[in-house]
*Asks:* 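Dropping a structure here in structure tokens format, bear with me for questions.
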Amino acid sequence: MSVIWGLIGFFLILTPIILVHELGHFLAARYFGIKVDEFGLGFPPRAMKLFERGGTEFTLNWIPLGGFVRPAGEDDPNIPGGLSGASKTARFGVLVAGSLFNFIMAALIFWVFFVMPRTAVDEMQVAVANIAENSPAQQAGLAPNDVFVAVNSIPVAGDIDLLVDEIQANAGQQVALSILRDGTQESVTLVPRVPGEYDPAREGAVGVALKHPEIPGEVTFMDPVEAVGMSLFTMWDIVYRTVTLPAELIRGQIAPEEARIVSVVGISQIAGQATEQSASTGDISYVLWLTGLISVALGFTNLLPIPALDGGRIMFVLLEAVRGKRIEPEREGMVHAIGMALLLGLMLILIVQDVMNPIVLSS
């Protein structure tokens, strides 16, 4: 079933994100008068030609991995009306438009996420959301919806960070927990695992996911105007955390397993789990949040100055603007070809990793 959910998650989450990205390229090319030979749904080989409009063939292809745009003269400036022969402004606009559309998509999705009605939560309490198999939490007898009252006699009072920090500070040592279960306070002891005894990419030191418990019958609504700011801040936070990730790894603030790079297979695994959660709970916020996050990540990654990516091509446009002279298309094409080969090699390694060691979203 995990494979099925992965496929569902891919089509539901990844495919629209990729299509929106390509739509950005397509509309920008049309705006700047650049001819687009083909707009494909899926990747070749071609299954059928759907229709033709404005000199562009709209096609359906057999490999269902989003879509693509094939502008005329992508690497040949001698083709009239092609991308490579267009002005620097036009080329820059077309190249950046894909990521821009991803950012717009993410902003709208996060806005919907923040304004949609949701059950109110008690932020003054921390409870167990779920428990990993064979974890210290399971062995100690913790159960979903148990509320943490104190850890080592320190009141928790809704502070998730305090609870997590105290547990991690006592790895390998006995920790005393006071919990509230069905209105009755009980005492539980457990020993958090030390690093190396568990996979932090899959679960935490004691094997629990935490939450603020819901307040039955109470529903909250976000302010639409305030939600705009929250949406933009969320996008900025995703980009900021991505940029600062290497420094956090070097300083040891996060484990290498927590910064795992994933392939399209790994992303599909995560999307499948989010889709399954939304289907089982009736709460679409899991799918909305992940869709927004991936859309921002895709848009930002494509702007990095890496050959073969949009950012790599943008880099050549900017170099041309600074030098006042264009780098020979043959040399630029060679750089992008080498970059593409390296990216495909990395992608193959990551796919093998994600198949051999699937991602499981649990704590």
Side-chain angles (χ1 to χ4, degrees), residues 1-27 39-44 47-48 50 58-69 97-119 129-130 201-202 209 222 227 230-231 234-235 238-239 242 260-302 347 350-351 353-355 357-362:
M1 288 298 293
S2 60
V3 175
I4 295 176
W5 279 114
L7 292 173
I8 295 174
F10 180 91
F11 289 117
L12 187 64
I13 295 177
L14 289 181
T15 296
I17 291 174
I18 298 172
L19 286 177
V20 165
H21 182 92
E22 297 302 325
L23 180 63
H25 288 314
F26 174 75
L27 293 178
F39 189 118
L41 301 178
F43 280 91
M48 62 182 296
L50 298 175
F58 292 82
T59 63
L60 183 65
N61 298 270
W62 285 112
I63 302 176
L65 297 178
F68 67 94
V69 169
S99 292
L100 177 61
F101 268 53
N102 280 137
F103 294 145
I104 294 173
M105 177 184 185
L108 292 173
I109 288 174
F110 283 131
W111 182 84
V112 171
F113 174 87
F114 287 120
V115 299
M116 63 186 292
R118 65 189 74 244
T119 303
N130 56 61
R202 294 170 174 262
M222 306 296 294
M230 295 173 68
S231 175
T234 300
M235 294 171 61
I238 293 170
V239 173
T242 302
R260 171 175 167 179
I261 302 176
V262 297
S263 69
V264 66
V265 173
I267 296 175
S268 296
Q269 292 167 352
I270 298 172
Q273 293 172 58
T275 304
E276 184 177 10
Q277 282 182 306
S278 288
S280 62
T281 62
D283 182 0
I284 65 169
S285 62
Y286 300 102
V287 167
L288 287 176
W289 185 267
L290 184 61
T291 304
L293 188 152
I294 295 176
S295 192
V296 172
L298 177 65
F300 176 73
T301 302
N302 264 278
M347 184 61 64
L350 295 177
I351 288 175
Q353 165 197 266
D354 293 336
V355 171
N357 185 25
I359 297 176
V360 179
L361 298 181
S362 61

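Since the structure is predicted, the reported quantities are computational estimates derived from the model, not experimental observations. Atoms considered below: every heavy atom in the structure, side chains included; atoms not considered: hydrogens, waters and symmetry mates.
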*Asks:* List the residues meeting side-chain contact (heavy atoms from CB on, under 4.5 Å) with V112, not counting sequence neighbours, and say none if there are none.
*Replies:* L288
*Asks:* Give, for atom CG of L298 and atom NE2 of H21, the distance between the pair rounded to the nearest 0.5 Å.
*Replies:* 6.0 Å
*Asks:* Side-chain contact test, heavy atoms from C-beta onward, threshold under 4.5 Å: evaluate it for T234 versus I238 and give yes or no.
*Replies:* yes
*Asks:* Heavy-atom distance under 4.5 Å between the side chains of M105 and T291, does that happen here?
*Replies:* yes
*Asks:* Shortest non-hydrogen contact from A274 to L290?
*Replies:* CB-CD2, 3.7 Å
*Asks:* So how far is it from N102 CG to L23 CG, rounded to the nearest 0.5 Å?
*Replies:* 10.5 Å
*Asks:* Measure up the F58 and F39 rings against each other and bin them: parallel (under 30°), tilted (30 to 60°), perpendicular (over 60°).
*Replies:* parallel
*Asks:* Please report the closest heavy-atom contact between G24 and A97, naming both atoms and the distance.
*Replies:* O-CB, 3.2 Å
*Asks:* Roughly how far, to the nearest 0.5 Å, is CG of L19 from CG of L14?
*Replies:* 11.0 Å
*Asks:* Might you point out which heavy atoms bring A227 and F114 nearest each other, and give the distance in Å?
*Replies:* CB-CB, 3.9 Å
*Asks:* To the nearest 0.5 Å, how far apart are OG in S231 and CD1 in I109?
*Replies:* 9.5 Å
*Asks:* Are F300 and S99 close enough that some pair of their side-chain heavy atoms sits under 4.5 Å apart?
*Replies:* no
*Asks:* Is there side-chain contact between L41 and L50, with heavy atoms separated by less than 4.5 Å?
*Replies:* yes
*Asks:* Tell me if the aromatic rings of F110 and W289 count as close, with their centers under 6.0 Å from one another.
*Replies:* yes
*Asks:* Find the distance between CD1 (I17) and CG (L12) and round it off to the nearest 0.5 Å.
*Replies:* 10.0 Å
*Asks:* Nearest 0.5 Å, please: how far is CZ in F101 from CD1 in I104?
*Replies:* 5.5 Å
*Asks:* Closest heavy-atom contact between F10 and S268?
*Replies:* CD1-OG, 3.2 Å
*Asks:* Which pair of heavy atoms, one from S278 and one from I284, lies closest together, and at what distance?
*Replies:* OG-CA, 3.7 Å
*Asks:* Using every non-hydrogen atom in the two residues, find where F113 and S285 come nearest and quote the distance to one decimal.
*Replies:* CE1-CB, 3.4 Å
